[in-house]
*Asks:* 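Quick one: this structure, given as structure tokens, is what I'll be asking you about.
All values reported here derive from a predicted model rather than from experimental measurement. Here is how names work: the chains are called A, B, and so on, in the same order as the sequence lines, proteins then strands, and each is numbered from 1.
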Amino acid sequence: DTAVSQTPKYLVTQMGNDKSIKCEQNLGHDTMYWYKQDSKKFLKIMFSYNNKELIINETVPNRFSPKSPDKAHLNLHINSLELGDSAVYFCASSSGTGRYEQYFGPGTRLTVT
Amino acid sequence: GEDVEQSLFLSVREGDSSVINCTYTDSSSTYLYWYKQEPGAGLQLLTYIFSNMDMKQDQRLTVLLNKKDKHLSLRIADTQTGDSAIYFCAETLGDYGGATNKLIFGTGTLLAVQP
């Protein structure tokens, strides 16, 4: 069974569009994250949610809006897409306590043209 | 700052040992991690070390931690072609065990294993 899944795996869209990426984890974890990996493979946290509550927001433009309908899901909605949003977006989850082990999804490659 | 530095590239021959180095920034980091990313895939946790340890061995992997110099290294013994990937170190910042705890990843090292 897949622990952390993301859909879609690839997303190609035009500038100005609005798109969503979905993430689900079946590990029973309380904490979920979104990361952005740019073309140089640099990986940076964007958001984290703990029990559906936003905990970390790393100065991400407000065109990015995470939504957590329940603690197993964390979706990422992006408005007015820009060329610079092209990247691979990773979802991750962790138990959030003690040893800080995060489990990553396979990533969504977003290409904005 | 939150810069965690790694060398960009390492090339080794199959069967040799690989050593990947990392310099982190926060001396209060409680755990330090090594993640592996294969092409087109997400990150996979390889191993971790608690900050009160100097060394940890896990099969072919050996992690060395020098807290004074804020230096972390990952040694892979008997490197195989399947070890070819990008390796990221990561440090923790924030409240220990708390929800605000976050990982700061290094810049990544591409390990190429030549047959």
*Asks:* Give, as side chain, backbone, both or neither, the part of A/Glu53 having an atom under 4.5 angstrom from any heavy atom of chain B.
*Replies:*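 For A/Glu53, no heavy atom lies under 4.5 Å from chain B.
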*Asks:* Report the residues that fulfil side-chain contact (heavy atoms from CB on, under 4.5 Å) with B/Lys36, sequence neighbours left out, ordered by chain and then residue number.
*Replies:*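 For B/Lys36 the side-chain contact (heavy atoms from CB on, under 4.5 Å) partners, ignoring immediate neighbours, are B/Glu38, B/Gln44, B/Leu46, B/Asp83, B/Ala85, B/Tyr87.
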*Asks:* Side-chain atoms of residues 103-115 of chain B: list all donor-acceptor pairs with protein atoms under 3.5 Å, sequence neighbours left out, distances to 0.1 Å.
*Replies:*
from     : atom 1 : to      : atom 2 : distance (Å)
B/Thr107 : OG1    : B/Gln6  : N      : 3.1
B/Thr107 : OG1    : B/Gln6  : O      : 3.4
B/Thr109 : OG1    : B/Gln6  : NE2    : 3.1
B/Thr109 : OG1    : B/Ser7  : O      : 2.5
B/Gln114 : NE2    : B/Ser11 : OG     : 3.4

*Asks:* Do the side chains of A/Phe104 and A/Met32 join up, straight or via other hydrophobic residues, at under 4.5 Å, putting them in one cluster?
*Replies:*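 In one cluster with A/Phe104: A/Met32, no.
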*Asks:* Grab the two heavy atoms, one from A/Glu101 and one from B/Tyr35, that are nearest each other, plus how far apart they are.
*Replies:*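 Smallest heavy-atom distance, with atoms named: C-OH, 4.3 Å.
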*Asks:* Please state whether the side chain, the backbone, both or neither of B/Leu43 comes within less than 4.5 Å of a heavy atom of chain A.
*Replies:*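 It is both, since atoms from each part get that close.
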*Asks:* Give the minimum heavy-atom separation between B/Gln37 and A/Phe90, together with the two atoms involved.
*Replies:*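 Taking every non-hydrogen atom into account, NE2-CZ, 3.3 Å.
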*Asks:* Please determine whether residues B/Met55 and B/Ile20 belong to a single hydrophobic cluster, defined as Ile, Leu, Val, Met, Phe, Trp and Tyr linked transitively by side-chain heavy-atom distances below 4.5 Å.
*Replies:*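 Hydrophobic grouping puts B/Met55 apart from B/Ile20.
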*Asks:* Output the residues of residues 57-70 of chain B for which the shortest heavy-atom distance to chain A is under 4.5 Å, in residue-number order; output 'none' if no such residue exists.
*Replies:*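 The stretch does not come within 4.5 Å of chain A.
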*Asks:* Transitively linked via ILVMFWY side-chain contacts under 4.5 Å: A/Ile78 with A/Leu74?
*Replies:*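 Both belong to a single hydrophobic cluster.
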*Asks:* Are B/Tyr48 and B/Met53 connected into the same hydrophobic cluster when the rule is that any two of I, L, V, M, F, W, Y join if their side-chain heavy atoms are below 4.5 Å apart?
*Replies:*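 Per the 4.5 Å side-chain linkage, B/Met53 and B/Tyr48 are co-clustered.
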*Asks:* Should A/Leu110 and A/Met46 be counted in the same cluster of Ile, Leu, Val, Met, Phe, Trp and Tyr side chains packed under 4.5 Å apart?
*Replies:*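 Same cluster.
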*Asks:* Sort by residue number and list every member of residues 64-73 of chain A having a non-hydrogen atom under 4.5 Å from chain B.
*Replies:*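 At a heavy-atom separation under 4.5 Å, chain B is reached by no residue of residues 64-73 of chain A.
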